[in-house]
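For the numbers below, each heavy atom of this structure counts, side chains included, while hydrogens, waters and symmetry mates do not. Letters A, B, ... are given to chains in the order of the sequence lines, protein chains preceding strands, and every chain is numbered from 1.
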Protein chains: 2
Amino acid sequence: MTTPGFEHHDHASCISGSLEAVEKQCKDKGLRLTPVRKRVLEILLDEHRAMGAYDILDRLRAEGLGSQPPIAYRALDFLVKHRFVHKIERLNAFIACGHPGERHVPAFLICRSCDSVAEAHTDLTQGRLGDVARDAGFVIERTVVEAEGLCPKCQEEAA
Amino acid sequence: MTTPGFEHHDHASCISGSLEAVEKQCKDKGLRLTPVRKRVLEILLDEHRAMGAYDILDRLRAEGLGSQPPIAYRALDFLVKHRFVHKIERLNAFIACGHPGERHVPAFLICRSCDSVAEAHTDLTQGRLGDVARDAGFVIERTVVEAEGLCPKCQEEAA
DNA sequence: AGGGGTATTGATACAGTATAACAGTTATAT
DNA sequence: ATATAACTGTTATACTGTATCAATACCCCT
């Protein structure tokens, strides 16, 4: 399990790195990263935060790439299905994956004060829950792990 | 971590047991289990499945206990806040807690075919995620763990 | 190159989920 | 008793997500 980041980072290279990784994946697997899909991913990478579908739609609309909900939702469906973007169920929002291509069960730390979201990289929860599921005869296909609380910055401000 | 139940059980005593536990908790903590709140809990215990807020509202309406969304949502807010009911984020639905009063981090197994939900009883995920969060300086207050897949019954039917 | 099947986009309408705001009522604590 | 806080009732509206069908672009095959 790697540590998530509420800290600063080299954002430009983080964006281009993720985008390249996704493009490579799509090429390898024969997936079509169409203009709308690519742009939605770029918007999410650029904002580097969880965004609602309608926030994304507003940006698409401003760029003339489609203005109706299904445009955004379909692009998001594609990106989520292939794990390039994760949905934060707690927020009904979407965030670009921090490790596209790497097999992992994402876990998120969500600040209830500023809504910032950090992605943790783990495979352990799958194993844990897997034991319980096996006993019950349940086959897990996908796991949602989201922890809500206070990020370091908001703790300081609350103090 | 205890095993969840997709199996049959003595439902009448399961309902009365949970309800009594909640009533005792409310008495001990000075919480007000008002008629609407109690009825919403009873409905969820009775149905023993995840229900949408509007499904619950339909039943309240049929019983003359209030017909507008805030009535149901406010009762659910109370029940969720005090952990008598859990929200299944993946389904935008609510389910009565199987272990009211016992301190636990709930985890759910959600069948994508029949939407049945089983609650697993665990404290381990908190510890796991806790390590990651501690490294990041993040304070966890609440955790959502939801695994989606196929329940035993739907696996048979798919075969 | 042409043609047929599939995937994707565009557009309209609508369904489902949730909350803001304010007035009226009930319970609780001095 | 009465002041305070908590809860309920009601209206209106905001937010999130999907069904449907038509039009277009892509891909593979001959």
Output the rounded distance in Å from CG (B:Asp77) to P (C:dT17). 16 Å
Protein-nucleotide distance (B:Leu76, atom CG; C:dT17, atom C1'), rounded to Å: 12 Å
Could you check how far CE of A:Met51 sits from P of D:dT16, rounded to whole Å? 12 Å
Main chain of B:Asp46, side chain of B:His48: is a donor-acceptor contact present, judged purely on distance under 3.5 Å? no
Side-chain donor/acceptor of B:Tyr54 to base of C:dA15, under 3.5 Å: no
Any donor-acceptor N/O pair, B:Ser18 side chain to B:Ile15 backbone, under 3.5 Å: no
Does B:Asn92 place a side-chain N or O at less than 4.0 Å from the phosphate oxygens OP1/OP2 of C:dA18? yes
B:Phe108: what forms a ring pair (Phe, Tyr, Trp, His ring centres under 6.0 Å) with it, not counting sequence neighbours? B:His86
Can you run down the side chain to side chain donor-acceptor pair (under 3.5 Å) pairs that involve residues 31-41 of chain A, sequence neighbours left out, and say none if there aren't any? A:Glu23-A:Lys38, A:Arg39-A:Glu42, A:Arg39-A:Glu63
Side chains of A:Leu109 and A:Val117 in contact at under 4.5 Å (non-hydrogen atoms): no
Considering only distance and modelled atom types, tabulate donor-acceptor pairs under 3.5 Å from the side chains of residues 145-156 of chain A, sequence neighbours left out.
residue, atom, partner, partner atom, Å
A:Glu146, OE1, A:Arg90, N, 2.9
A:Glu146, OE2, A:Glu89, N, 2.7
A:Glu148, OE1, A:Arg90, NE, 2.6
A:Glu148, OE1, A:Arg90, NH2, 3.0
A:Gln155, NE2, A:Leu150, O, 2.8
A:Gln155, NE2, A:Cys151, O, 3.4
A:Gln155, NE2, B:Gly137, O, 2.7

Is it true that B:Lys24 and B:Asp28 make a salt bridge, defined as a side-chain N closer than 4.0 Å to a carboxylate O? yes
Scan for side chain to side chain donor-acceptor pair (under 3.5 Å) pairs involving residues 70-84 of chain B, sequence neighbours excluded, and state none if there are none. none
Whole angstrom is fine here: how far is it from NZ in A:Lys29 over to P in C:dA7? 18 Å
What is the separation between atom CG on A:Leu60 and atom C1' on C:dG10, rounded to the nearest whole Å? 13 Å
Those residues of residues 80-91 of chain A lying under 4.0 Å from DNA chain C by at least one heavy atom: none
What integer distance in Å separates B:Tyr73:OH from C:dG16:P? 12 Å
What is the separation between atom CD on A:Gln68 and atom P on D:dT16, rounded to the nearest whole Å? 16 Å
Using a 4.0 Å heavy-atom cut-off, write out nucleotides 3-9 of chain D from 5' to 3' as B (base contacted by protein), S (sugar-phosphate only) or - (no contact). ---SSBB
How far apart are the closest heavy atoms of B:Leu33 and B:Cys26, and which atoms are they? CB-SG, 4.0 Å
Rounded to the Å, how far apart are A:Leu57 CG and D:dT18 C1'? 14 Å
